[in-house]
*Asks:* 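Below you'll find the structure I mean.
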Amino acid sequence: MPGIRGPSDYSQEPSRDPCLKINAKASPSFLLCFASFLIHRSAIDSIFGEPFNAEPPRSALVQSYVTPVPLFYKRNHGPIPIIDHIDNYSVSVTGLIDNPTKLFIKDIKSLPKFNVTATLQCAGNRRTAMSKVRNVRGVGWDVSAIGNAVWGGAKLADVLELLGVPKLTSSTSLGGRHVEFVSVDRCKEENGGPYKASIPLNQATNPEADVLLAYEMNGEILNRDHGYPLRLVVPGVIGARSVKWLDSINVIAEECQGFFMQKDYKMFPPSVNWDNIDWSTRRPQMDFPVQSAICSLEDVQMVKPGKVSIKGYAVSGGGRGIERVDISMDGGKSWVEASRTQEPEKDYISEHSSSDKWAWVLFEATIDVSQSTTEVIAKAVDSAANVQPENVESVWNLRGVLNTSWHRVLLRLAHSNL
């Protein structure tokens, strides 16, 4: 499209923070075999860096309520689009509406600007833990394919109203019931075509859903990795629906038929495998379930005897708040409640008007470690009383999505010789 293009190779990728962990899109058996070779990090980057998928160290996530842009996870399906002439960039709005048009950035910026603090999370977050049960397919994410940002832009409901689609509309006069978002991004899963996804029209036209056409992130213009010059942000929904580098918006009768809506990001039971899978039997995943993870400690951590601080994040989809986060040191027989915060020095109350309903909470608890080995468990409960499942085996699925099982880390005592 004029002004922006999806390149055919990775020669013009943006620079990234060196602390990011680049993740492989490969099976665990391949990775185990590959790890038997001694390969320099730069060689690994060149193999696994296309497309670029990376997450920050887990400890970085609990350093601040709002995730710094350089440390926000990167999820891509192809080369990062290149902007040649920003003044020529526009988004086509077409389909089952009376007034199809093209919108330029200046048109979108002329609408009221809203800042929405929202957590985005890849549906594959914590996939590596699921792969330890049985092989799964997908990027090998640890616990950091998630981040919290302040997104700035125009509400999609205002944009559609500008084109004659009233707020709180479930169907247009021409039969449109879904809104499809098509990216400039090209990906092999679409046979070289664009990445695309959709949301229901009644969500798109609901101002309270806070769906944005965003052009800012944390008070700055979007960078290339995160969708510059314009992206969709759908709060409370898996990150796959927040399409970056928008090319067109189409009001359609049925949900998007793209690969990532119809043949990926669906939740199947453990009994389904690649031989018996029927994608048509499941709806595309939208809201993400209640989730938490410990970030101040690695999966196996040496600690000194005494007090140990446990810090992490908890979040739930659909605008549901976090009612509590529980910590256990005895396999779940007993629990202590962790404190929860959003903004520093500000009390958090689940689903209160003073809280950010689309954003995570950061939790903290202090435990006393005296045994040689101690398993620490975290689980969250949201405002609808949804609780994380105890075991990863119960939520295992062949794509390794939505691992929201209790998060566990193992502490080992490091005794000083002094």
*Asks:* Distance-only criterion, 3.5 Å: show the donor-acceptor pairs between side-chain atoms of residues 365-380 and protein atoms not counting sequence neighbours.
*Replies:*
from   : atom 1 : to     : atom 2 : distance (Å)
Glu375 : OE1    : Arg408 : NH1    : 3.4
Lys379 : NZ     : Asp326 : OD2    : 2.8

*Asks:* Just to verify, what does Phe363 make a ring-ring contact (aromatic ring centres under 6.0 Å, His included) with, not counting sequence neighbours?
*Replies:* none
*Asks:* Taking the side chain as every heavy atom from C-beta outward, state whether Asp84 and Ile82 have any atom pair closer than 4.5 Å.
*Replies:* yes
*Asks:* With Glu298, which residues qualify under salt bridge (charged side-chain N to carboxylate O under 4.0 Å, His left out), at least two apart?
*Replies:* Arg58
*Asks:* Got a sec, which residues hit side-chain hydrogen bond (donor to acceptor under 3.5 Å, both in side chains) with Thr404, two or more places apart in sequence or on another chain?
*Replies:* none
*Asks:* Check whether NZ of the Lys or CZ of the Arg Arg186 lies under 6.0 Å from the centre of the six-membered ring of Tyr195 and within 45 degrees of that ring's axis.
*Replies:* no
*Asks:* Contact between Leu246 and Ser248 at the side-chain level, heavy atoms closer than 4.5 Å - yes or no?
*Replies:* no
*Asks:* So, is the end of the Lys74 side chain (NZ or CZ) under 6.0 Å from the ring centre of Phe52 and within 45° of the ring's axis?
*Replies:* no
*Asks:* Which atoms form the tightest heavy-atom contact between Glu208 and Lys357, and what is the distance?
*Replies:* O-NZ, 3.5 Å
*Asks:* If you apply the rule side chain to side chain donor-acceptor pair (under 3.5 Å), what do you find for Ser183 with Asp247, and how did you get there?
*Replies:* CA-CA 5 Å; Ser183 176; Asp247 176 56; over 6 Å; no
*Asks:* Is it the case that the ring center of Trp279 lies less than 6.0 angstrom away from the ring center of Phe268?
*Replies:* yes
*Asks:* So which heavy atom on Pro207 is nearest to which on Ala157, and how close?
*Replies:* N-CB, 4.1 Å
*Asks:* Quick one: are Arg340 and Leu362 in side-chain contact, heavy atoms under 4.5 Å?
*Replies:* no
*Asks:* Output a table of donor-acceptor pairs, distance under 3.5 Å, between side-chain atoms of residues 64-72 and any protein atom two or more places apart or on a different chain; print 'none' if there are none.
*Replies:*
from  : atom 1 : to     : atom 2 : distance (Å)
Ser64 : OG     : Val66  : O      : 2.7
Tyr65 : OH     : Asp356 : OD2    : 2.6
Thr67 : OG1    : Asn148 : N      : 2.9
Thr67 : OG1    : Asn148 : O      : 3.4

*Asks:* Taking Ser59 for the side chain and Ser296 for the main chain, is one N or O donor matched with an acceptor at less than 3.5 Å?
*Replies:* no
*Asks:* Can you find a pair of side-chain heavy atoms, one from Val179 and one from Ser198, that are under 4.5 Å apart?
*Replies:* no
*Asks:* Check Ile146 against Tyr73 and note the closest heavy-atom contact, atom names and distance.
*Replies:* N-CD2, 3.2 Å
*Asks:* Go through the structure and list residues passing ring-ring contact (aromatic ring centres under 6.0 Å, His included) with Trp335, not counting sequence neighbours.
*Replies:* Trp406
*Asks:* Side chains of Ser292 and Gln388: closer than 4.5 Å at any heavy-atom pair?
*Replies:* yes
*Asks:* Please tell me whether Asn403 and Ser405 have a donor and an acceptor in their side chains that are separated by less than 3.5 angstrom.
*Replies:* yes
*Asks:* To check you understand the geometry: which heavy-atom pair defines the closest contact between Ser316 and Phe288, and what is its length?
*Replies:* C-CE1, 3.4 Å
*Asks:* Main chain of Gln262, side chain of Lys266: is a donor-acceptor contact present, judged purely on distance under 3.5 Å?
*Replies:* yes
*Asks:* So do the side chains of Asp87 and His85 get within less than 4.5 Å of each other, counting heavy atoms only?
*Replies:* no
*Asks:* Please answer whether the main-chain N or O of Ser242 pairs with a side-chain N or O of Arg231 as donor and acceptor at a distance below 3.5 Å.
*Replies:* yes
*Asks:* Could you tell me whether a side-chain N or O of Asp142 sits under 3.5 Å from a main-chain N or O of Ser144, the two making a donor and an acceptor?
*Replies:* no
*Asks:* Can the positive tip of Arg134 be found less than 6.0 Å from the middle of the six-membered ring of Trp396, inside 45° of the ring normal?
*Replies:* yes
